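For reference, the structure discussed in these notes is given below.
Heads up: numbering here begins at 1 and tracks the sequence. Just so it is clear, the values below take in all heavy atoms, side chains as well, and ignore hydrogens, waters and symmetry mates. Being a predicted model, the structure only gives us computed values, none of them experimental.
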Amino acid sequence: QVQLVESGGGLVQAGGSLSLACAASGRTSSTYAMGWFRQAPGKEREFVASISYNGKSTNYADSVKGRFTISRDNAKNTVSLHMNSLQPEDTAVYFCAARRSFYGALRAREYDYWGQGTQVTVSS
């Protein structure tokens, strides 16, 4: 089992920055790929970014490419999402997820563990 706890959400003005963190605990979390997803009210959960088990491979949704950066520190069992140039359309609950695989995936159903989510609100 892997437990995931997100933190760092909040309210920010458009154009601002915010960093999210995901603390992982449990067995072999450092050998799992990690991902960030988000879900806005009335919308489906969507892929934001993923990172491989060793941090050497990352993938981003087109909507956040160039603005968001995913990283991980396996020594601390943490995954981060640094978000720049935030826009109102980035407003959502952001979820951290772990996948029992070396590499990430785009679909939420391919992840095995989920955090409870953290709210990010971007005001215009």
Side-chain angles (χ1 to χ4, degrees):
Q1 282 286 350
V2 174
Q3 293 79 42
L4 304 172
V5 179
E6 302 96 335
S7 61
L11 174 64
V12 63
Q13 289 187 335
S17 299
L18 205 60
S19 290
L20 306 182
C22 175
S25 61
R27 296 183 61 185
T28 65
S29 61
S30 62
T31 64
Y32 292 175
M34 301 295 293
W36 285 95
F37 287 75
R38 66 187 182 186
Q39 188 166 17
K43 295 188 177 181
E44 292 188 355
R45 193 168 297 190
E46 66 172 359
F47 172 79
V48 175
S50 67
I51 189 166
S52 61
Y53 75 105
N54 59 3
K56 292 185 177 181
S57 178
T58 58
N59 194 17
Y60 297 91
D62 287 343
S63 59
V64 307
K65 202 170 293 183
R67 300 189 298 123
F68 291 12
T69 301
I70 187 171
S71 61
R72 68 188 297 163
D73 184 339
N74 284 343
K76 296 181 179 180
N77 288 329
T78 59
V79 178
S80 299
L81 185 68
H82 303 286
M83 305 182 292
N84 296 321
S85 301
L86 283 161
Q87 299 302 317
E89 51 265 35
D90 294 317
T91 295
V93 177
Y94 283 70
F95 296 90
C96 175
R99 182 175 190 237
R100 290 195 301 257
S101 172
F102 284 166
Y103 297 98
L106 300 181
R107 293 177 293 188
R109 65 185 182 186
E110 297 192 61
Y111 288 78
D112 302 288
Y113 305 101
W114 292 85
Q116 82 288 350
T118 185
Q119 177 71 45
V120 171
T121 303
V122 185
S123 63
S124 57

Do [X] and [Y] sit in one hydrophobic cluster, given that two such residues count as connected whenever their side-chain heavy atoms are within less than 4.5 Å of each other, even indirectly?
{"X": "Leu106", "Y": "Tyr32", "answer": "no"}
{"X": "Val64", "Y": "Phe37", "answer": "no"}
{"X": "Tyr111", "Y": "Val48", "answer": "no"}
{"X": "Ile51", "Y": "Tyr103", "answer": "no"}
{"X": "Val93", "Y": "Phe47", "answer": "yes"}

Pair Asn59-Ser50, side-chain donor/acceptor within less than 3.5 Å | no

So, His82 and Thr69: side-chain donor and acceptor under 3.5 Å apart, yes or no?
-> no

Quick check: closest heavy atoms across [X] and [Y], and the distance to 0.1 Å?
{"X": "Ser85", "Y": "Asp90", "value": "O-OD2, 4.3 Å"}
{"X": "Gln87", "Y": "Gly15", "value": "NE2-N, 4.1 Å"}
{"X": "Arg38", "Y": "Ala92", "value": "CB-CB, 3.8 Å"}
{"X": "Val122", "Y": "Thr91", "value": "N-OG1, 2.9 Å"}
{"X": "Ala14", "Y": "Ser124", "value": "CB-CA, 4.3 Å"}
{"X": "Leu81", "Y": "Ala49", "value": "CD1-CB, 4.3 Å"}

Output side-chain donor-acceptor pairs under 3.5 Å for residues 3-10, partner residues at least two apart or in another chain, one line each.
| from | atom 1 | to | atom 2 | distance (Å) |
| --- | --- | --- | --- | --- |
| Gln3 | OE1 | Ser25 | OG | 3.3 |
| Glu6 | OE1 | Gln116 | N | 3.1 |
| Glu6 | OE1 | Gln116 | NE2 | 3.4 |
| Glu6 | OE1 | Gly117 | N | 2.9 |
| Glu6 | OE2 | Cys96 | N | 2.8 |
| Glu6 | OE2 | Gly117 | N | 3.2 |

Checking ring-ring contact (aromatic ring centres under 6.0 Å, His included) for the pair Phe68/Trp36: CA distance, chi angles, key distance, verdict?
-> CA-CA 11 Å; Phe68 291 12; Trp36 285 95; 10.0 Å; no

Going by heavy atoms in the side chains, are Ile70 and Val79 under 4.5 Å from each other?
-> yes

Could you list the residues that satisfy ring pair (Phe, Tyr, Trp, His ring centres under 6.0 Å) with Phe102, not counting sequence neighbours?
-> Tyr53

By ring pair (Phe, Tyr, Trp, His ring centres under 6.0 Å), Phe95 pairs with (sequence neighbours left out) none

Disulfide bond (SG atoms under 2.5 Å apart) pairs touching residues 39-72, sequence neighbours excluded, are none

By side chain to side chain contact (heavy atoms under 4.5 Å, CB included), which residues pair with Lys65, not counting sequence neighbours?
-> Tyr60, Asp62

Under the salt bridge (charged side-chain N to carboxylate O under 4.0 Å, His left out) rule, what pairs show up with a residue in residues 93-103, not counting sequence neighbours?
-> Arg99-Glu110, Arg100-Asp112

For the side chain of Arg72 and the backbone of Gly55, is there at least one donor-acceptor N/O pair under 3.5 Å apart?
-> no

Should Val120 and Leu20 be marked as a side-chain contact (heavy atoms from CB on, under 4.5 Å) after you check the CA-CA gap, both sets of side-chain angles, and the distance that decides it?
-> CA-CA 9 Å; Val120 171; Leu20 306 182; 3.9 Å; yes

Kindly compute the distance separating OG (Ser19) from CG (Asn84), expressed to the nearest 0.5 Å.
-> 7.5 Å

